[in-house]
S.K.: 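A single structure is presented below for examination.
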Amino acid sequence: MRKLTTATVNMILALGVSCILVGLLFFVKMDIDGIVELQTWPLIMTVSGAVVFYLSLTVFKLPFLFFAGIFNVLTGTLFLFVTSRKLKYGIPELWPASIEIAALCLLFTGFAKEKKIKTAFGVPSLSLAVMGALFLLFSLDIIKTPFSVFISYWWPLFLAGLGALVVVIFLLQQNPVTDSHFPYEKDESDKEADTIGEIEKLSDGTVYERKTQVKNK
């Protein structure tokens, strides 16, 4: 089978993204009782996210644009469902779900970039997921206590937990046995610096040998 050209692959990607976008929009727009009018701002958010997602895969290939694209598509779609009243709750109750979407998109971006789940993306994703879940418990009235009252009473424990996390990271960094780089593993810039250092050493050795040969002559 002959390999497809870049232009053909990009056209296939554009067709796939367009089908997903159109399918989602029509699913939100159609209702049992008739056609639902879509709100403008989540529609713009969804469409712009699809465009950014396509550009991040074909032109710019930047992880930030990849994250922004899928985040806008998923969040815009969520708010399209909310504003079209297909869900039981409204924006005041479901806005923390956007934080959960951000956590999922960040984790997926890291996996797409590194082909594995790395702690540099996993730790922030987990933090966002916990934060979003906590906010959802209050916005959905699962926890009846007002959020301001809850924070004013429990904030010392959150501070202690943050301190414990920092101490654990410090101890892992100081471990000489595992040579751990947690939460950030050795990246390409570190490898590049090691290579430059070796080249400099080789260059110094070469210059010294040439000087020795000149003196012998």
S.K.: Does Phe27 have Lys86 sitting over its ring (NZ/CZ under 6.0 Å from centre, angle to axis within 45°)?
M.R.: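 Yes, Lys86 lies over the aromatic ring of Phe27.
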S.K.: Does any N or O in the side chain of Glu93 come within less than 3.5 Å of the main-chain N or O of Gly90, such that one atom is a donor and the other an acceptor?
M.R.: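 The answer is yes, because a donor-acceptor pair under 3.5 Å joins these two groups.
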S.K.: Is there a continuous path of hydrophobic side-chain contacts, each under 4.5 Å between heavy atoms, that joins Leu62 to Val51?
M.R.: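 Yes, because Leu62 and Val51 connect within a single hydrophobic cluster, where side-chain heavy atoms sit under 4.5 Å apart.
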S.K.: If you round to the nearest 0.5 Å, how far is CG of Leu128 from CG of Leu107?
M.R.: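 Output value for this atom pair is 10.5 Å.
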S.K.: Roughly how far, to the nearest 0.5 Å, is the CD1 atom of Ile101 from the CG atom of Leu74?
M.R.: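 One finds 5.5 Å between CG of Leu74 and CD1 of Ile101.
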S.K.: Are Trp155 and Phe138 connected, step by step, through hydrophobic side chains (Ile, Leu, Val, Met, Phe, Trp, Tyr) whose heavy atoms are closer than 4.5 Å?
M.R.: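 Yes.
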S.K.: Side-chain contact test, heavy atoms from C-beta onward, threshold under 4.5 Å: evaluate it for Val28 versus Leu38 and give yes or no.
M.R.: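 With C-beta onward as the side chain, the pair touches.
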S.K.: Show your working on side chain to side chain contact (heavy atoms under 4.5 Å, CB included) between Thr46 and Asn72 and close with a plain yes or no.
M.R.: CA-CA 6 Å; Thr46 306; Asn72 281 0; over 6 Å; no
S.K.: Check Phe66, Phe64, Phe67 against Ser56 for a side chain to side chain contact (heavy atoms under 4.5 Å, CB included) and give me the one that passes.
M.R.: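 Of the listed options, the one satisfying the test is Phe66.
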S.K.: Where is the tightest heavy-atom contact between Leu78 and Ala97, given as atom of each residue plus distance?
M.R.: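 Taking every non-hydrogen atom into account, CD2-CB, 3.8 Å.
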S.K.: What's the separation between atom CH2 in Trp154 and atom OG1 in Thr145, rounded to the nearest 0.5 Å?
M.R.: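 Taking CH2 in Trp154 and OG1 in Thr145, the distance rounds to 10.5 Å.
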S.K.: Would you say that Thr5 contacts Asn10 through its side chain, given a criterion of any heavy-atom pair below 4.5 Å between the two side chains?
M.R.: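 In short, these two side chains do not touch, never coming nearer than 4.5 Å.
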S.K.: Report whether Ile143 and Val149 are members of the same hydrophobic cluster (ILVMFWY, side-chain heavy atoms less than 4.5 Å apart, transitive linking).
M.R.: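 Per the 4.5 Å side-chain linkage, Ile143 and Val149 are not co-clustered.
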S.K.: Under the 3.5 angstrom rule, does the side chain of Lys144 hit a backbone N or O of Asp141 as a donor-acceptor pair?
M.R.: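 Yes: the side chain of Lys144 pairs with the backbone of Asp141.
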S.K.: Can you check side chain to side chain contact (heavy atoms under 4.5 Å, CB included) on Leu140 and Leu94, steps first, answer last?
M.R.: CA-CA 8 Å; Leu140 296 177; Leu94 290 179; 4.3 Å; yes
S.K.: Kindly check if the number of other-residue, nucleotide or ligand heavy atoms within 6.0 Å of CZ (Phe108) is above 12?
M.R.: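 Check fails, neighbour count at 12 or below.
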S.K.: Do Val73 and Val17 land in one hydrophobic cluster if side-chain heavy atoms of ILVMFWY residues count as linked below 4.5 Å?
M.R.: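 No, because Val73 and Val17 fall into different hydrophobic clusters, even though each may have its own neighbours under 4.5 Å.
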S.K.: At what distance, to the nearest 0.5 angstrom, does CG of Leu80 lie from CH2 of Trp41?
M.R.: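 Atom-to-atom, Leu80:CG and Trp41:CH2 are 8.0 Å apart.
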S.K.: Using side chain to side chain contact (heavy atoms under 4.5 Å, CB included), reason through Leu136 and Glu100 one step at a time and then give a plain yes or no.
M.R.: CA-CA 10 Å; Leu136 274 174; Glu100 298 289 342; 4.2 Å; yes
S.K.: How long is the gap from CD1 on Ile91 to OG on Ser98, to the nearest 0.5 Å?
M.R.: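 Rounded to the nearest 0.5 Å, the CD1-OG separation comes to 10.0 Å.
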S.K.: If you draw a 6.0 Å radius around CZ in Phe147, do more than 12 non-hydrogen atoms from other residues or ligands fall strictly inside?
M.R.: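 Check passes, neighbour count above 12.
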S.K.: To check you understand the geometry: which heavy-atom pair defines the closest contact between Ser139 and Pro96, and what is its length?
M.R.: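 Smallest interatomic distance, heavy atoms only, reads OG-CG, 3.6 Å.
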S.K.: For Trp95 and Phe135: C-alpha separation, side-chain torsions, deciding distance, then whether ring-ring contact (aromatic ring centres under 6.0 Å, His included) applies.
M.R.: CA-CA 9 Å; Trp95 70 265; Phe135 289 153; 5.6 Å; yes
S.K.: Work out which heavy atom in Ile70 is nearest to a heavy atom in Thr109; give both atom names and the distance.
M.R.: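 Reported closest heavy-atom pair: CD1-OG1, 4.1 Å.
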S.K.: In the hydrophobic clustering (ILVMFWY, side-chain contacts below 4.5 Å, transitive), which residues join Ile20, or is it alone?
M.R.: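 Joined to Ile20, directly or through intermediates: Leu24.
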S.K.: State, to 0.1 Å, how close Gly76 and Pro42 come at their nearest heavy-atom pair, and which atoms those are.
M.R.: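 The answer is O-CB, 3.7 Å.
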S.K.: For side chain to side chain contact (heavy atoms under 4.5 Å, CB included), just list the numbers for Lys113 and Phe121, CA-CA rounded to whole Å, side-chain angles, deciding distance to a tenth of an Å, and then say yes or no.
M.R.: CA-CA 10 Å; Lys113 179 177 181 293; Phe121 291 91; 4.2 Å; yes
S.K.: When rounded to the nearest 0.5 angstrom, what is the spacing between CZ in Phe150 and CG in Leu137?
M.R.: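 One finds 8.5 Å between CZ of Phe150 and CG of Leu137.
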S.K.: Please tell me whether Leu104 and Met131 are part of a single hydrophobic cluster in this structure, the criterion being side-chain heavy atoms less than 4.5 Å apart.
M.R.: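 Not linked; separate clusters.
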